[in-house]
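In what follows, every chain begins at residue 1, and chains take the letters A, B, ... in the order their sequences are listed.
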Amino acid sequence: QVQLQESGPGLVKPSQTLSLTCTVSSGSMSGYSYSWSWIRQPAGKGLEWIGRAGSNNNNPSLKGRVTISIDTSQNQFSLRLTSVTAADTAVYYCAREYKPLYYDYYYMDVWGKGTTVTVSS
Amino acid sequence: EIVLTQSPGTLSLSPGERATLSCRASQSVSGDYLTWYQQRPGQAPRLLIYRTSTRATGIVDRFSGSGSGTDFTLTITRLEPEDFAVYYCQHYGGSPLYTFGQGTKLEIK
């Protein structure tokens, strides 16, 4: 069963860059059926999709601050969020998106446990 | 942007009762793109139902989804203690690619 694990600093200073990595284990990242995303959740609030790995498809609300790269040889994908503020403090999740064969929809079928990132000086 | 509005914000019920959770889209959407997740305290979201009404692997048949157009419903029958959690609906497609409802908290009465 594929597993996802987020890693990275738990504390980032304002105006700096938040960098997180998601490692995929017990499965391959390759395949037409899979894409990979980052989602975040501020404490006590709802879920916000950040973006999809290896594409320019990111949430416009983050105003171009997001880059999500992918390295299938290492079974990892990574999030970079620039110019962070306290509003970026949240639990960050990575997730696998699955697209059934012959259909054009995706859903997130596997999630990491999440990692808490605090933006503070 | 598709906006999903979930109601009620909090639902207080007792074990054994039936829960009905609503997700309303700001415009008509394809049911193929409507998904439900469960999030227990301190845990990551968990896939429950995709394509409006298809249960994910391992999800018991007490959970069911229905709806079309702008109105979608998650129904949980015979509530068990482990069902008390927050439930989110999600839409795929458009910009942003994914949007979530604000969640419904199902709490023990």
Linking I/L/V/M/F/W/Y whenever any side-chain heavy atoms sit under 4.5 Å apart, do [X] and [Y] land together?
X	Y	answer
B/Leu106	B/Ile108	yes
A/Tyr107	A/Trp111	yes
A/Val110	A/Trp38	yes
B/Ile2	A/Trp49	no
A/Met29	A/Ile50	yes

Return all side-chain donor-acceptor pairs below 3.5 angstrom for residues 34-49 of chain B, not counting sequence neighbours, or 'none' if the list is empty.
{"residue": "B/Tyr37", "atom": "OH", "partner": "A/Met108", "partner atom": "N", "Å": "2.9"}
{"residue": "B/Tyr37", "atom": "OH", "partner": "B/Gln90", "partner atom": "OE1", "Å": "2.9"}
{"residue": "B/Tyr37", "atom": "OH", "partner": "B/Gln90", "partner atom": "NE2", "Å": "3.4"}
{"residue": "B/Gln38", "atom": "OE1", "partner": "B/Arg46", "partner atom": "NH1", "Å": "3.0"}
{"residue": "B/Gln38", "atom": "NE2", "partner": "B/Tyr87", "partner atom": "OH", "Å": "3.0"}
{"residue": "B/Gln39", "atom": "OE1", "partner": "A/Gln41", "partner atom": "NE2", "Å": "2.9"}
{"residue": "B/Gln39", "atom": "NE2", "partner": "A/Gln41", "partner atom": "OE1", "Å": "2.9"}
{"residue": "B/Gln39", "atom": "NE2", "partner": "A/Tyr93", "partner atom": "OH", "Å": "3.2"}
{"residue": "B/Gln39", "atom": "NE2", "partner": "B/Gln43", "partner atom": "O", "Å": "2.9"}
{"residue": "B/Arg40", "atom": "NE", "partner": "B/Glu82", "partner atom": "O", "Å": "3.1"}
{"residue": "B/Arg40", "atom": "NH2", "partner": "B/Glu82", "partner atom": "O", "Å": "3.4"}

## Note on the structure
In short, B/Tyr88 meets A/Leu47 closest at the heavy-atom pair CD1-CD1, 3.7 Å

### Message
Which heavy atom of A/Tyr105 sits nearest to which heavy atom of B/Arg51, and what is that distance?
### Response
OH-CD, 3.4 Å

### Task
Would you indicate whether B/Arg24, at its atom CZ, is surrounded by more than 12 heavy atoms from other residues, nucleotides or ligands within a distance under 6.0 Å?
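Not buried by this count: 12 neighbours or fewer within 6.0 Å.
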
### Query
Crowded around A/Lys99 NZ? As in, over 12 foreign heavy atoms under 6.0 Å?
yes

#### Entry: Set of residues satisfying side-chain hydrogen bond (donor to acceptor under 3.5 Å, both in side chains) with respect to B/Thr99, sequence neighbours excluded
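So B/Thr99 forms no side-chain hydrogen bond (donor to acceptor under 3.5 Å, both in side chains) with any residue.
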
### Task
Return the option, out of B/Gly101, B/Pro96, B/Ser30, B/Gly103, with the maximum number of heavy-atom pairs under 4.5 Å with chain A.
B/Pro96

### Task
Let me know if A/Asn57 has heavy atoms under 4.5 Å from chain B in its side chain, its backbone, both or neither.
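The side chain, not the backbone.
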
### Query
Heavy-atom distance under 4.5 Å to chain B: side chain of A/Asp104, backbone, both or neither?
both

### Close contacts, residues 15-27 of chain A versus chain B, judged by heavy atoms under 4.5 Å
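Residues of residues 15-27 of chain A touching chain B at under 4.5 Å: none.
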
### Query
Which of residues 59-82 of chain A have a heavy atom under 4.5 Å from any heavy atom of chain B?
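Hits under 4.5 Å: A/Asn59, A/Pro60.
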
### Query
Just by distance, with hydrogens left out, do B/Tyr92 and A/Glu97 show a side-chain donor and acceptor under 3.5 Å apart?
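No, no side-chain donor-acceptor pair sits under 3.5 Å.
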
### Query
Nearest 0.5 Å, what's the OH-OH distance between A/Tyr106 and B/Tyr50?
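With rounding to 0.5 Å, OH (A/Tyr106) is 15.0 Å from OH (B/Tyr50).
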
